[in-house]
S.K.: 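Quick one: structure below, then a few questions.
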Amino acid sequence: MEPVSAPALDVAAVAEQFPILAREIGSGPLVYLDSAATAQTPEPVLVEMDRIYRESNANIHRGVYALSQESTAAFEGARATVADWLGASVEEIIFTKNVTEAINLVAYSWGRRNVRAGDRVLTTKMEHHSNIVPWQLLCAEVGAKLAYVDVDDDYRLDLDSLDRELARGDVKLVCVGHVSNALGTLNPVAEIVQRAHAAGALVLVDGAQAIPHMRVDVRELGADFYGFTGHKVYGPTGIGVLYGRRELLEDMPPFLGGGEMIARVDWDMSTWNALPWKFEAGTTPYVEAAGLGAAIRWLSALGIDAVLAHELAVTEYLIERLQEVDGLTIRGPLDQPRGTAVSFTLEGIHPHDTAEILARDGVCIRAGHHCAQPLMRHMGVPATSRASIGVHNTRADVDRLIDGLAEVRRVFA
Ligand SMILES: Cc1ncc(COP(=O)(O)O)c(C=O)c1O
């Protein structure tokens with residue numbers, strides 16, 4: 001992420017809004033360095049969801065009584081918050097279960113109508129499985145080819161390989177993560193969109209690791225589809241978002257069939273509801289959507305630029321301190337622009353062992369393939385350890401991690 005200047009964040013006050021951070025495990029307070037997997041939930045989100053269950057709970061859209069109208073207002077209000085946050089209109093914001101479902105929606109609905117035998121779908125070698133597997137399924141079904149943009153030795157996308165693929169003239173869709181969860185790489189999405197559009201391809205962006213940290217305007221980016229997931233942006237689980245350009249969504253057939261997504265149902269045929277409800281079959285997780293709306297309003301009130309400036313400063317300190325650890329290799333870009341997840345390996349020590357020893361003292365990091373198995377093979381490692389910085393993290397958290405890594409090295413000496 002590009003460095004920004006912004007007023008300083010009162011991080012102690014921010015951290016106090018996360019009840020879970022008061023827990024003590026091992027030798028002290030919890031150090032949560034795994035926001036890239038799931039961010040913790042601040043008080044305003046808990047309060048909003050609790051409020052709906054206690055005061056306004058009723059199924060949305062169908063009720064004429066006050067509870068249902070209040071729930072509907074909370075749900076559609078959350079959609080307006082998300083639309084505003086992304087610079088989109090409300091018809092273009094579809095609530096899904098998570099970003100995985102958002103990507104699958106595009107693969108099933110847009111993909112099966114628009115991708116044909118002999119076409120190509122282009123993704124990248126640093127994608128999460130959720131931006132690979134739906135395209136494998138689509139390509140296998142329609143007889144298209146799935147190709148990958150390369151990752152260079154500096155853990156950044158090789159844009160020459162993107163250009164070579166686009167020059168073939170058969171690429172229908174480029175699927176790219178805005179920020180890599182496994183490497184921390186920030187991809188030049190606006191540039192990729194320009195090149196893809198010039199070659200006649202559309203672009204889907206997986207924004208799961210970008211939205212919690214940075215200002216994203218989907219129209220400025222030019223993205224055709226942009227997805228993200230609620231639980232990484234301080235919202236609840238079970239809710240995600242797909243933005244799609246209105247003309248594309250209008251043209252796409254429904255993804256799932258059932259209640260809510262129809263205009264009229266007859267014995268042998270049905271017609272579809274207007275956008276965005278055409279893509280929201282069944283009872284949507286309206287409480288979770290309201291929680292997501294509360295999370296975004298909370299982040300927005302903190303000031304996303306201030307959040308990013310703080311997180312990048314802590315990330316820079318993290319990278320600096322990790323480089324002091326003997327035998328440690330950072331698997332991702334060392335310099336800005338980058339995201340706030342930092343992957344690393346320790347020579348001779350399995351990442352799971354590293355994470356387990358850290359966990360004894362309440363330091364939570366993630367170890368594994370980070371749902372990026374092909375990338376791990378490409379890098380020649382079975383797994384990495386990953387520390388990721390969220391809005392509540394401080395240099396003191398980084399120091400606890402570094403002390404813990406010294407203990408890991410002592411245990412395995
Ligand atoms: C870049 C990226 N894409 C997609 C996902 C999948 O998110 P979800 O499981 O919420 O759909 C993740 C989660 O780790 C991610 O980091």
Side-chain angles (χ1 to χ4, degrees), residues 1 32-41 45 82 94-108 123-137 148-149 151 155-157 174-187 189 192 203-214 216 221 223 225-243 255 284-285 288-289 291-292 295-296 311 331-333 338-343 355 364-376 383-390:
M1 290 141 192
Y32 192 73
L33 291 166
D34 200 18
S35 296
T38 285
Q40 294 300 345
T41 318
V45 176
V82 172
I94 295 156
F95 283 120
T96 60
K97 183 170 67 182
N98 47 38
V99 68
T100 301
E101 188 179 271
I103 296 171
N104 276 276
L105 191 164
V106 177
Y108 278 87
T123 184
T124 89
K125 289 187 177 170
M126 65 169 76
E127 297 310 306
H128 189 282
H129 295 161
S130 61
N131 209 13
I132 295 178
V133 181
W135 309 118
Q136 289 175 341
L137 292 170
Y148 294 86
V149 177
V151 175
Y155 305 98
R156 298 197 186 271
L157 285 182
V174 177
C175 311
V176 60
H178 202 158
V179 175
S180 159
N181 64 308
L183 302 173
T185 309
L186 169 69
N187 289 319
V189 168
I192 291 170
V203 179
L204 172 141
V205 182
D206 170 357
Q209 297 292 342
I211 289 292
H213 309 286
M214 62 190 276
V216 172
L221 273 187
F225 299 105
Y226 194 103
F228 72 94
T229 210
H231 64 99
K232 295 186 201 289
V233 67
Y234 307 102
T237 54
I239 189 78
V241 168
L242 173 68
Y243 154 82
F255 170 44
T284 35
E288 288 76 4
L292 173 60
I296 290 177
E311 290 178 344
R331 308 280 175 174
R338 78 179 322 287
T340 68
V342 183
S343 275
C364 310
I365 66 160
R366 187 131 305 229
H369 53 61
H370 313 293
C371 293
Q373 287 182 3
L375 175 70
M376 295 295 132
T384 70
S385 300
R386 181 189 70 191
S388 52
I389 300 301

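Atoms within a ligand are numbered from 1 in the order they appear, just like the ligands themselves.
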S.K.: Below a 4.0 angstrom heavy-atom separation, can you tell me which part of E101, side chain or backbone, both or neither, approaches ligand 1?
M.R.: neither

S.K.: When you measure from atom 4 (C) of ligand 1 to each heavy atom in S130, G230, C371, G238, which option holds the nearest one?
M.R.: S130

S.K.: Once you measure the plane-to-plane angle for Y226 and H178, does it fall in the parallel (<30°), tilted (30-60°) or perpendicular (>60°) bin?
M.R.: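 Y226 vs H178 ring planes: perpendicular.
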
S.K.: From the options N181, T185, L186, select the one residue that forms a side chain to side chain contact (heavy atoms under 4.5 Å, CB included) with L183.
M.R.: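 Running side chain to side chain contact (heavy atoms under 4.5 Å, CB included) over N181, T185, L186 with L183 returns exactly one hit, T185.
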
S.K.: Report yes or no: does a heavy atom of H178 sit under 4.0 Å from some atom of ligand 1?
M.R.: no

S.K.: Would you mind telling me if ligand 1 is within reach of the side chain of T229, the backbone, both or neither, using heavy atoms under 4.0 Å?
M.R.: side chain

S.K.: Could you check whether any side-chain N or O of E127 sits under 3.5 Å from a backbone N or O of G177, counting only pairs where one atom can act as donor and the other as acceptor?
M.R.: yes

S.K.: Short question: side chain of N98, backbone of T100 - any donor-acceptor pair under 3.5 Å?
M.R.: yes

S.K.: Just need the protein heavy atom nearest to atom 7 (O) of ligand 1, so name the residue and atom and give the distance.
M.R.: V99 CG1, 3.4 Å

S.K.: Indicate, with yes or no, if the rings of H128 and H370 have centres closer together than 6.0 Å.
M.R.: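 Aromatic pair excluded; centres sit 6.0 Å or further apart.
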
S.K.: Of the protein's non-hydrogen atoms, which lies at the shortest distance from atom 11 (O) of ligand 1, and what is that distance?
M.R.: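 Going atom by atom, the protein heavy atom closest to atom 11 (O) of ligand 1 ends up being T100 OG1, 2.5 Å.
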
S.K.: With heavy atoms of Q209 as the reference, note each atom of ligand 1 found under 4.0 Å away.
M.R.: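 Reading through ligand 1 atom by atom, the close ones are 1 (C), 15 (C), 16 (O).
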
S.K.: Any side-chain heavy atom of R156 within less than 4.5 Å of one from P333?
M.R.: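 Yes, their side chains come closer than 4.5 Å.
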
S.K.: What protein heavy atom sits nearest atom 15 (C) of ligand 1, and how far off is it?
M.R.: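 The closest one turns out to be H128 CD2, 3.4 Å.
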
S.K.: Going by the side chain to side chain contact (heavy atoms under 4.5 Å, CB included) test, name the single residue among L157, V149, T123 that passes it with V176.
M.R.: L157

S.K.: Answer side chain, backbone, both or neither: which part of D206 comes under 4.0 Å from ligand 1, heavy atoms only.
M.R.: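 The part of D206 near ligand 1 is the side chain, not the backbone.
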
S.K.: Under 3.5 Å, side chain of T384 to main-chain N/O of S343, donor-acceptor pair present?
M.R.: no

S.K.: Within a distance under 4.0 Å of any heavy atom of N98, pick out the atoms of ligand 1 and give their elements.
M.R.: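 Atoms satisfying the 4.0 Å criterion: 8 (P), 10 (O), 11 (O).
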
S.K.: Contact between K232 and ligand 1, counting heavy atoms under 4.0 Å?
M.R.: yes

S.K.: Which one holds for E127 and ligand 1: side chain close, backbone close, both close, or neither close, with close meaning a heavy atom under 4.0 Å?
M.R.: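 The answer is neither; E127 stays 4.0 Å or more away.
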
